[in-house]
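The structure under discussion appears below in the form of structure tokens.
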Amino acid sequence: MLTIPAQCVAESRIAELDFNNIEFGKIFSDHMLVADYKDNEWQSPQILPYGNMTMSPATSALHYGQSIFEGMKAYKDANGDILLFRPLENFRRLNKSGERMCMPAITEDIFMKGLEQLLRLDAAWVPPTAGCALYIRPFMFATDDFIGVRPSASYRFTIFTCPVGAYYGQPLKVAIEPDYVRSAEGGAGFAKAAGNYGAALLPARKMQERGYHQLIWTDAKEHKYIEESGTMNLMFVIDGKLITPPVSTTILAGITRDSVLQLAKDLGYTVEERKVSIDELVEAHKAGKLQEAFGTGTAATIAQIATIHYNGEDMDLPAVEDREISNHISTELDKIKTGETPDTHNWVHRIRL
Ligand SMILES: *Cc1c(COP(=O)(O)O)cnc(C)c1O
């Protein structure tokens, strides 16, 4: 078993944190994990005080975008154990993203043991409060200082964490994007690669200026089929069936998406993974059969959609309280993540302190 050398902070910054009023993404836990790749292998990881990194202006990730990330959450259960939700899936997905971006695979040992030791050290930062969690950001970027377009020979893998408050998101107003494209077949849309998110900012901001929280991406070829939204996969309930677009090279394979589909099947709902056209949504809405729409992702687990805009019209959906399927699954999933209900799928990775 790998034991990672840790250089600990002299004094924790935890007193700066108000657990009753956590601002998202602003306060970072005391430590971070760092591992460097050079000479064709991962060097021994280290745990260091969270802090700035120095780098050359020629650092290749900044110029050519070899940079990938993950996002996951840790919770505290009633005994104070730390619970991670399906972390191996994040590990596997990071390596899929890395493969597409021509980056080396991180080892399971560095990812999992690094994560575990980092969380043990910063356990006090995992909020005990209901609804709150410790957000975990593993990422990897190219570190060669070389100005030439080629895969870097050196990389840095890092994990840092930050406490996040409960997600009291109001139901979203979203608009179907008629022009811009996030991802095309054969591209890298399935990867959590930094550039995908940079390129999505302008279209998203334009939709926000028109009064919508988020946009819904459609396929690059015809703008006819629904893809996903922001950092969420999308699901619809039409005529009592849970329907979601299949994952492909253009859609990111969300771990929440997969978990929601599994739970829906467990609970006896009909699930269909197939293309969903804009026309189908419009028709279903007209017929009064578009009962639910929501996004799935680590941030909110399930984010309800109140309104879908398309082509000059707002389609308003039934009240959130009346959404049987998503509310049922959302409650079950939260109970599994926080250890309140038996974990029959072995999704929870428990760290006993
Ligand atoms: C991260 C992400 C998701 C959701 O994935 P989860 O594993 O459920 O958090 C969906 N779409 C995109 C584009 C994402 O980046």
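Both ligands and their constituent atoms are indexed starting at 1 by order of listing.
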*Can you tell me which residues line ligand 1 if we count any heavy atom under 4.0 angstrom from one of its atoms, in chain and number order?*
Arg93, Arg182, Lys192, Tyr197, Glu228, Gly230, Thr231, Met232, Asn233, Leu252, Gly254, Ile255, Thr256, Gly297, Thr298
Which donor-acceptor pairs under 3.5 Å do side chains of residues 18-26 form with protein atoms, sequence neighbours excluded?
from: Asp18; atom 1: OD1; to: Asn20; atom 2: N; distance (Å): 2.9
from: Glu23; atom 1: OE2; to: Lys26; atom 2: NZ; distance (Å): 3.1

_Salt-bridge present (Lys96, Glu99; N to O < 4.0 Å)_ = no
*So does Asp258 pair up with Arg86, basic N to acidic O under 4.0 Å?*
yes
*Examine Lys337 relative to Phe85 and say whether NZ or CZ is less than 6.0 Å from the centre of the six-membered ring and inside a 45° cone about the ring axis.*
yes
_Salt-bridge present (Lys275, Glu280; N to O < 4.0 Å)_ = no
*State plainly whether the residues Glu273 and Arg257 are in salt-bridge range, i.e. N to O under 4.0 Å.*
yes
